[in-house]
Chemist: 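Dropping a structure here in structure tokens format, bear with me for questions.
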Amino acid sequence: MNWRQIFLVLRREYITRVRSKGFIWATILVPLGFAAFIGVMVFIQVWESDETFEIGVKDETGQIFQSLYDINPDRYLDQMDLSLDSLRSMVQTDDLTGYIIISEENVSAGQNPELIYSGSGGMEFLMSVESDLREVIREEKLRRADVSDDVKQIYDERISLNSRRLTREGLEEDDDTVFLSFVGFLLGIVIFISIFSYGGYVTRGVIEEKTNRIVEVIASSVRPIELLIGKMAGVGALAITQFGIWIITFTGLSAIAGPIALSLMESSSQMTGDMAAVEAELPAFLDLPSLPPSLIIYFILFFILGYLLYSSLFAAIGSAADSETDTQQLMMPVALPIFISYFIMFHTWRSPDSILSVVSSIIPFFSPILMVTRIAITEVPFWQIATAIILMIITFAGTMWVSSKIYKVGILSYGSTASYKDLLRWIKQS
Amino acid sequence: MHTIQVEHLSKSFGKTIAVNDVSFNVERGKIFGLLGPNGAGKTTTIRMINYIMPQDQGKIIINGIPVSPKTQKMIGYMPEERGLYKKMKVGEQLIYLAQLKGMTTADARTKIKYWLKRFGAEDWHGKVVGELSKGMSQKIQFISTIVHDPDIYIFDEPFSGLDPINSELLKEIIIELRKEGKTILFSTHRMEQVEQMCDDICLFNNGKVVLTGNLRNVKKDFGKNTVLLEFQGDDSFLDTFENVRINNRSTNFAEIRILGDLNHQDILHTAMKHAEVHKFQLVEPSLNEIFISTVGEDNIKSQEALLS
């Protein structure tokens with residue numbers, strides 16, 4: 001192994017990519033895209049609540065409608081005077097989304113009320129109608145039972161849970177589980193996407209050298225293993241650069257956001273002369289819980305290990321394929337564990353300490369996504385993290401060994417894409 | 001000491017034996033031709049000499065040391081499958097390739113400048129390779145092969161795909177390099193190219209060496225028993241000769257190799273009876289003919305490659 005050669009390869013891979021338009025645009029556009037994505041999500045939320053579905057209510061008890069109207073005056077229309085037939089035809093012509101007939105039995109006999117509707121609105125709509133009805137019928141029942149105000153108030157109470165974490169050191173901390181769950185989910189997705197995109201860089205780089213036919217010239221100066229390591233390290237350095245730029249920009253922006261907000265508030269408060277209010281207001285204004293530094297370190301560590309593990313395989317795929325379109329069939333077995341861990345993440349995100357979450361976060365091919373998600377959300381015992389790291393390093397040594405054998409033969413095989421049988425032969429051969 | 005010493009070299013891919021117990025020596029300051037039809041094992045042998053592929057058996061010694069990353073730096077190699085990074089600039093690319101061969105950046109710069117100037121390409125330095133014409137990138141490819149000023153040059157099928165101008169240019173370079181005392185090994189399936197340039201040859205067929213030695217001596221051994229005949233008229237008389245092999249036959253030309261004891265004057269007499277003879281010449285057999293008579297017509301792996 002000659003480190004000078006590896007360094008030369010690494011430097012070329014890094015410099016040609018870091019200068020490319022694709023990289024510069026991606027570095028600028030990805031955060032903007034992310035912001036746009038969040039914007040769209042918020043927009044959807046707002047848009048959704050704007051939508052109204054009108055329901056005609058034929059209230060035979062005469063007691064219920066008013067309460068429904070109080071909950072949502074846009075949704076519930078009093079249609080006491082209309083006949084059943086005209087209600088049906090209004091639903092058919094889309095003048096109403098649906099109608100409900102509330103009879104005495106619904107209140108006194110506990111019979112479920114029935115919504116007849118056109119089928120639009122979806123689950124969320126049905127659930128909110130259900131909870132509205134549950135509430136008003138209960139209210140009516142309580143009224144009829146003539147219970148005291150105390151009891152009514154008990155029914156109105158909404159008890160929620162406040163939680164605080166007690167750490168091993170005996171300190172009680174504010175619990176940010178909800179926030180951190182989202183962070184864990186997000187970090188999992190970031191690793192998922194970046195393994196694919198940086199792995200894709202490696203695959204394409206290998207194929208490019210093959211289809212350009214430069215690889216044999218390079219192989220007459222550099223050992224295949226040196227070329228492979230240099231390539232993976234070059235793209236890895238690229239990944240770290242890109243993440244570095246994003247992290248610095250992000251922390252920089254949030255660092256200057258505080259003082260800017262403060263100075264804006266100061267200038268406006270000087271007129272009112274209410275400095276104390278500003279001081280008190282500001283922390284709340286910018287009070288997003290901060291990420292624990294250990295999480296950032298683990299994120300970077302697991303990203304690097306995951307990148308190494310998968311990019312070694314992605315390089316082997318590139319060397320075995322004859323053109324970029326041919327990579328699809330070979331990509332499947334490598335992409336599969338990434339997708340599986342991505343799907344498990346939807347479970348892990350909700351219950352990070354379940355047996356499924358714990359076991360799969362230690363499986364090397366799943367660790368990069370699942371362990372990071374768990375570390376963000378829950379208190380992962382150190383032995384689990386250590387086991388995952390050690391297993392990943394061992395597995396990486398294995399994938400690197402296999403890949404270097406495939407790569408060595410693959411880069412010089414032109415003309416056809418290798419089958420799995422060929423790959424097996426290549427591994428045995430050398 | 002031989003510059004390149006190949007001893008009992010073998011290499012198989014699965015059940016196919018690509019190179020089978022091959023031995024030959026390349027002398028310092030000579031042009032050595034590795035000949036044979038496509039698929040005879042030339043490229044595999046060359047890749048092993050370049051330490052791109054490991055051999056199964058045998059030894060390859062270059063300037064006294066077994067092949068290794070160290071011997072790679074003594075060699076300038078232009079593979080049959082040639083190429084460059086399309087998105088890189090000419091200058092950067094040449095510097096990169098020279099650095100991989102162990103040159104310092106400063107040395108590489110001076111040399112690249114010299115060669116670009118030599119090829120009338122001073123202003124290509126900042127051009128992206130993908131924008132160059134095919135002929136232009138072939139020149140860059142030559143430079144990348146020779147820029148680190150190695151002792152040994154290996155060209156695999158160097159003339160395939162070259163335009164006529166670059167073909168001539170490459171011939172000039174090869175002859176110039178030999179004058180400087182460099183050693184050149186090239187492979188080809190086009191025999192006529194070898195006749196003009198090579199000092200020594202090695203004939204390959206089916207992974208084996210069938211003949212090796214000095215080109216002049218090889219030819220002398222086969223004797224002056226080939227007739228070149230140029231004529232006008234009906235050529236059916238050619239079919240009446242027995243124990244001959246006719247190569248390069250066309251409507252008014254034939255290269256006739258006498259295999260038995262037929263007298264060449266008899267050929268002349270027969271020809272004069274049937275046609276108007278414009279030229280009659282007694283020569284040594286062509287390499288193509290030597291190859292065919294050495295391995296036997298039926299044993300040639302890829303006949304059409306030879307006759308192309």
Chemist: Mind ranking A:L412, A:V222, A:V217 by heavy-atom pairs under 4.5 Å with chain B and telling me who comes out on top?
Modeler: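 Of the options given, most contacts go to A:L412.
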
Chemist: Only pairs of heavy atoms separated by less than 4.5 Å count here; which of B:E92, B:E81, B:Q99, B:K73 has the most with chain A?
Modeler: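 Sorted descending by pairs with chain A, the first entry is B:E81.
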
Chemist: Side chain, backbone, both or neither: which part of B:Q141 has a heavy atom under 4.5 Å from chain A?
Modeler: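 Contact with chain A involves the side chain of B:Q141 alone.
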
Chemist: Between A:V9 and chain B, with a heavy-atom cut-off of 4.5 Å, which part of the residue counts as in contact: side chain, backbone, both or neither?
Modeler: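 Answer is both: backbone and side chain atoms of A:V9 are under 4.5 Å from chain B.
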
Chemist: Hey, does B:T45 have a side-chain heavy atom less than 4.5 Å from the side chain of B:F24?
Modeler: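 Yes, side chains in contact.
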
Chemist: Does a side-chain N-to-carboxylate-O contact under 4.0 Å join A:K231 and A:E209?
Modeler: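 Yes.
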
Chemist: Do A:Y307 side-chain atoms and A:G236 backbone N/O form a donor-acceptor pair below 3.5 Å?
Modeler: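 Here the side-chain-to-backbone pair exists.
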
Chemist: Could you walk me through whether B:V90 and B:V129 pass the side chain to side chain contact (heavy atoms under 4.5 Å, CB included) test, one step at a time?
Modeler: CA-CA 6 Å; B:V90 169; B:V129 171; 4.1 Å; yes

Chemist: Which region of A:I15, side chain (C-beta onward) or backbone (N, CA, C, O), has a non-hydrogen atom less than 4.5 Å from a non-hydrogen atom of chain B, or is it both or neither?
Modeler: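 Answer is neither: A:I15 stays 4.5 Å or more from chain B.
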
Chemist: Give, as side chain, backbone, both or neither, the part of A:S220 having an atom under 4.5 angstrom from any heavy atom of chain B.
Modeler: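 It is both, since atoms from each part get that close.
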
Chemist: Does A:R204 make a cation-pi contact with A:Y201, if we ask for NZ or CZ under 6.0 Å from the ring centre and within 45° of the axis?
Modeler: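 Yes.
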
Chemist: Counting only heavy atoms closer than 4.5 Å, note whether B:Y51 contacts chain A via side chain, backbone, both or neither.
Modeler: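 Both parts, backbone and side chain.
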
Chemist: Compute the centroid of each ring, for B:F142 and then for B:F155, and state whether the two points are separated by less than 6.0 Å.
Modeler: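 Centroid distance B:F142-B:F155: not below 6.0 Å, so no.
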
